[in-house]
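Only one structure is covered here, and it is reproduced in the block below.
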Amino acid sequence: MQFEVWAPQAGEVTLQCDGVTRVLTRDPQREGWWCGEADARDGSRYGFALDGGPVLPDPRSRRQPDGPDGESAVVDHGTFAWRTVWDGRPLPGAVLYELHVGTYTREGTFDAAAKRLEHLAGLGVTHVELMPVCPFPGRHGWGYEGVALWAVHEPYGGPEALKRFVDRAHALGLGVVLDVVHNHLGPSGNHLPRFGPYFTDTHHTPWGAAVNLDAPGSDEVRTYLVGSALAWLRDYRIDGLRLDAVHALADTRAHHFLEELSAAVDALSAGTGRPLFLIAESDRNDPRDVTPRADGGHGLHAQWNDDFHHALHAALTGESQGYYADFARAPLTALAKTLSGGFFHDGTYSSFRGRRHGQPLDRTRIAGHRLLGYGQTHDQIGNRARGDRLAALVSPGLLACAAALTLTAPFTPMLFMGEEWAAGTPWQFFTDHTDAELAKAVRDGRRREFTAHGWAEADVPDPQDPATRDRSCLDWSEPQREPHGRVLAWYRQLVALRHAQPDLTDPDLADTKVVFDEERRWLAFRRGDVLVAVNLAGEPAAIPLGVPHARVLAAWEPVGVPGPDGVLHLPGESAVVLQQQ
């Protein structure tokens, strides 16, 4: 078997494979690369030693059976027997469901999660979006401290279990999206700097030195990241990737890394005949991210839209701290702007940032499905001091309003696991760092952050306490109880409506017409012949829809159709979906 590794600064590289040491030779065709042959098979343990140093895991390791610091293991992807013929499922028309493998079930494994996939098929979602699954120290964590970008976290079940999960999802008609992190690697178990200039001090990020995308040696680093992305899509039959915090990818080169990545993914899609896509998490509100490369953009297929979330959250809860401040001044105005224009900050002043932020979307060129809309995500729940979900903050009626807005908006909707039944379990920030000093630093830093904002230290859960993770696991008995069962039925009805009504997947952002009353706290919008109205106030509202003939498609509380005057009378804290006749 051929082994190779990029180590441009090394004077000697040796391979240790199944206890046998071999000296590698320089590759005359590729500067900085070392290669050699060794007897190996699926499961063989190996690693590389540089200049007589310790044996290190392969930067392109496909498996780390003993964690990030252990030896790598050979993975023969050809041995897995795929059972499902899968032609793919595209992003337009999709409903995504964000899932964390470690807390979706108490077992916290791919196999346990796969047994719950029928629930998602019955809910009507089209794609499961997995939070990161690359290896990280310890057993439990969010996954954003991964260090081996080609491998799968062993406590979740490793490579074979991920394939079984994907195969089962595909058998149920569900696509799979994977969250990948290219902007930083975890501080513990990260051996890449010993091999080469994977990081650069030219730029700095919240996590330290930036991943090297534009300094000397960056050609190979970019190839490393692109190769990892393609491996998930090819070897594991993943349908799309969610790119974490692309605003933290520091790249000054003329050909941006995101363009390079999107071109490679599009080429793989064309070669396989299967739709593949990239979804960015971006704080920039920059239309270039989702603008096609031919039109001067980065060519990503979609991005998360935090502006919609912030406006919705402020409207529902009244919270105004931090980045909610700009939205809380007139939350329904902000919500209306996002529903019809995509971004709230489109060149407007952001008090949270102390500057103007964003740029307008060209609604004639960018389809609505290129923005993801959501009422809850892992970030917006887990980065609260107590990890409290929206269900802990507002009434079931307001949850119903949030669901109606999310699932009928012109964006690709995304749900966070358990949201569909108003889960009573929190989703808190938890870690399992094996480095005692790092564990203490994370614990103390989190407490400092929230006590500075008025929280009592005792109210901030210890991330390292196993009970913090345990509290965050879904309680699968809840959907059989009220009010959870009623909320779940509402979500199922709304998802089914989205699939059944073509107007709800119309990509034309400009076709969304919104009316609202900031003081009386109601909002209504129209998409083709479908009308959606929500009343966030406690008392009934008279909403002048101007539509005298309509039928009710779905209603949280019993409601009559608009009268001859076109006025809809909607109970307090309630939502309705109508169709004009």
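Residue numbers count from 1 along this sequence. Both backbone and side-chain heavy atoms feed into the values below; hydrogens, waters and symmetry mates do not.
Here the closest non-hydrogen pair linking Tyr349 and Gly354 is OH-CA, 3.5 Å. A pairwise comparison of heavy atoms in Lys163 and Asp235 identifies CE-O, 3.7 Å as the closest pair. In terms of heavy-atom proximity, Leu312 sits nearest to Leu335 at N-CD1, 4.1 Å. Contact detail for Ala210 and Ala250: the closest heavy-atom pair is CB-CB, 4.5 Å. For Glu319 against Ala328, the heavy-atom pair with the smallest separation is O-CB, 3.6 Å. Considering every non-hydrogen atom in both Phe344 and Asp307, the closest pair reads N-OD2, 2.8 Å.
In summary, the aromatic rings of Phe327 and His345 are positioned with their centroids under 6.0 Å apart. Ring centers of His310 and Tyr323: under 6.0 Å apart, within the cut-off. Aromatic pair His119/Trp476: centroids less than 6.0 angstrom apart. In this structure, Tyr144 has its ring center under 6.0 Å from that of His378.
Asp503 contributes a side-chain N or O that, together with a main-chain N or O of Asp529, makes up a donor-acceptor pair within less than 3.5 Å. Of the possible polar contacts, none joining the Trp556 side chain to the Ala400 backbone as a donor-acceptor pair under 3.5 Å is found. Of the possible polar contacts, one joining the Ser269 side chain to the Arg274 backbone as a donor-acceptor pair under 3.5 Å is found. The backbone N or O of Gly424 sits less than 3.5 Å from a side-chain atom of Glu478, completing a donor-acceptor pair. Listed for the Ser574 side chain is no donor-acceptor partner under 3.5 Å among the backbone atoms of Leu570. Side chain of Arg520 to main chain of Ile543: no donor-acceptor pair is present (N/O by atom type, distance under 3.5 Å, no hydrogens or angles). Panel note: side chain Glu420, backbone Gly418; a donor-acceptor pair is recorded below 3.5 Å. Using modelled atom types, one side-chain atom of Thr84 and one backbone atom of Asp167 make a donor-acceptor pair closer than 3.5 Å. Between the side chain of Glu281 and the main chain of Trp304, no donor-acceptor pair closer than 3.5 Å is present. Looking at Arg527, its side chain does come within 3.5 Å of a backbone N or O of Ala409 through a donor-acceptor pair.
For the residue pair Ser282/Gln303, the side-chain donor-acceptor check at 3.5 Å is not satisfied. Donor-acceptor pairing under 3.5 Å is lacking for the side chains of Asp286 and His298. Counting only N and O atoms by type, the side chains of Glu98 and Thr377 include no donor and acceptor under 3.5 Å apart. Residues Arg253 and Ser218 bring a donor and an acceptor atom of their side chains to less than 3.5 Å of each other. A donor-acceptor contact closer than 3.5 angstrom is absent between the side chains of His127 and Asp239. Side-chain polar atoms of Ser262 and Arg293 form a donor-acceptor pair below 3.5 angstrom.
A heavy-atom distance below 4.5 Å is found between the side chains of Leu407 and Val495. Residues His301 and Asp266 meet the side-chain proximity criterion, which asks for heavy atoms closer than 4.5 Å. Contact of the Tyr236 side chain with the Val152 side chain is registered, since non-hydrogen atoms from C-beta on lie closer than 4.5 Å. For the pair Leu390/Phe416, no side-chain contact is recorded, criterion being any heavy-atom separation below 4.5 Å from C-beta on. Between Leu123 and Leu415 there is a side-chain heavy-atom pair separated by less than 4.5 Å. Between Phe308 and Leu371, every side-chain heavy-atom pair lies at or beyond the 4.5 Å cut-off. Within the 4.5 Å cutoff, the side chain of Thr105 has no heavy atoms near those of the Lys115 side chain. A 4.5 Å side-chain heavy-atom check between Leu174 and Val176 finds every atom pair outside the cut-off.
The environment of CD in Gln321 is crowded: more than 12 heavy-atom neighbours from other residues, nucleotides or ligands sit within 6.0 Å. Around the CZ atom of Arg356, the shell of radius 6.0 Å holds no more than 12 heavy atoms that belong to other residues, nucleotides or ligands. Heavy-atom contacts from other residues, nucleotides or ligands closer than 6.0 Å to CZ of Arg83 number 12 or fewer.
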Taking it one step at a time, do Tyr374 and Asn305 satisfy side chain to side chain donor-acceptor pair (under 3.5 Å)?
CA-CA 8 Å; Tyr374 37 83; Asn305 186 9; over 6 Å; no
Side chain to side chain donor-acceptor pair (under 3.5 Å) between Asp244 and Asn183: does it pass, once the steps are laid out?
CA-CA 7 Å; Asp244 183 64; Asn183 54 66; 3.1 Å; yes
Pair Leu261-His182, side chain to side chain contact (heavy atoms under 4.5 Å, CB included): steps then yes or no:
CA-CA 11 Å; Leu261 177 60; His182 292 158; 4.2 Å; yes
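Of the options Pro92, Pro410, Pro90, a side-chain contact (heavy atoms from CB on, under 4.5 Å) to His369 is made by Pro92 and by none of the others. For the ring pair (Phe, Tyr, Trp, His ring centres under 6.0 Å) with His100, the lone residue among Trp142, Trp427, Phe110, Phe429 that qualifies is Trp427.
Salt bridge Arg329/Glu518: absent, no basic N to carboxylate O contact under 4.0 Å.
By the 30° and 60° cut-offs, the orientation of the rings of Tyr324 relative to His309 is tilted.
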